[in-house]
2 protein chains.
Amino acid sequence: MTPPATRSRSGTAALILATAAEIIQLKGYSGFSYADVAAELKITKAALHYHFPGKAELGEALIAAWAARFADALAALDAAGGPALARLHGYIDLHARILGKRRMCMCGRLAAEYQTLPAPMRAALVKFFDHSQVWLEGSLERGQSEGTLRFASAPRDTALLIISALEGAMLLAGPNGDIERFNATVTSLVSALHGP
Amino acid sequence: MTPPATRSRSGTAALILATAAEIIQLKGYSGFSYADVAAELKITKAALHYHFPGKAELGEALIAAWAARFADALAALDAAGGPALARLHGYIDLHARILGKRRMCMCGRLAAEYQTLPAPMRAALVKFFDHSQVWLEGSLERGQSEGTLRFASAPRDTALLIISALEGAMLLAGPNGDIERFNATVTSLVSALHGP
DNA sequence: GTCTATAGGCAGATAGAC
DNA sequence: GTCTATCTGCCTATAGAC
């Protein structure tokens, strides 16, 4: 049995990834430091450099781990094989769960810093969002042929709208702290995809 | 005649605000420094501290100036007195124009960093987004009674959806660099508010 | 208003002992 | 694998001359 990518590293490396992800969701890439992670794990900065040579490499590994977890979640929704509307709600719930922990999507948070990120991190981010878009596009096409979803624009453009709305809603939930606002936005989005 | 808030400061202060806004849109609040602004304006950091005592105060002034410009633009749309759909397109165009300069909404960019911002900046951000929401809500109600806009959820929730989608679309335009993606997202959004 | 000079702190990173 | 110790550089901010 091949272990998942996230666990192919040593135990400490996995702890570092988990801790760094939390801190990045809070402070962003430019705002977090090896010192933050080291203090949280009660090890030294030098130990971090043993596992990840530099901040850029840690950043890459973080996106890769996040993307892998997200891909697993989408694959689980595929395996469940429900109707398109259920898949859509499953996708939305992935985001709602993150917000429930009072954080935002790590990749959305990093996307805000895109212009200042090292090239490998940029590429990984683009790949992450592309994957979501393709998955959603498939679900939307299915919903359209089932007749359970109604939308006027192309499935691809509608997928972009869904991703944008969810990431944007998480962005605005910060300033309000208010999950109710996120839910209201999502309800509005879903009803727009139902058609009247 | 009372000069507008943005120009009540000296010429240098206005230059600092304009330059700092550009840099913050690129690097964010935690990523930008007095050194960046000073270098761009070819003055010293100490001169900046004369006009704005610290980074937090500069940050506050930046949001205030941005909000004032945005409010002026919305007031101009009010004065134009067009139909609801035109108001909506006007609101969207404000964002498209920013993206056309390869930047994103400064307040959206700052919202991503909300958790690490000083309290006065947080409060100013909340106020900014609330103002947009109220303005949109009014436009949506008008469109609904005119019959030019059709949407199933409450005007307030639909306003939240619009703001979220636009901010999210700008967020995702970074990773793609691609204005076409933004436009596709917006088209999808508008068609969802037309009803079929 | 703008400058030089500098303080004090934290960043990312490395060398080498254990 | 983890540590101590240290380097270099940039950060925010201040004092005081011009």
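Just so we're on the same page: letters track the sequence lines, and every chain starts at 1.
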Roughly, in whole Å, what's the span from CG in A:L48 to P in C:dG12? 10 Å
Min side-chain heavy-atom separation B:L193-B:I162 under 4.5 Å: yes
Do the non-hydrogen side-chain atoms of A:L17 and A:R9 ever get within less than 4.5 Å of each other? yes
Between B:L140 and B:A159, the two heavy atoms sitting closest are CD1-N, 3.5 Å
B:E60/B:K127 ion pair, N-O < 4.0 Å: no
How far does CZ of B:R142 sit from CZ of B:R87, to the nearest 0.5 angstrom? 4.0 Å
Distance under 4.0 Å to a non-hydrogen atom of chain A counts as contact; along DNA chain D, which nucleotides mark the start and end? D:dG1 to D:dT4
Does a sphere of radius 6.0 Å around CD in B:E40 hold more than 12 heavy atoms from other residues, nucleotides or ligands, not counting ones at 6.0 Å or beyond? no
What do the steps show when you test A:S30 against B:S30 for side-chain hydrogen bond (donor to acceptor under 3.5 Å, both in side chains), and what is the final call? CA-CA 7 Å; A:S30 78; B:S30 78; 2.9 Å; yes
Kindly state which residues belonging to residues 25-38 of chain A come within less than 4.0 angstrom of DNA chain C, counting heavy atoms of the residue only, listed by number. A:F32, A:S33, A:Y34, A:A35
Determine whether the side chains of A:R181 and B:Q133 contain a donor N or O and an acceptor N or O closer than 3.5 Å. yes
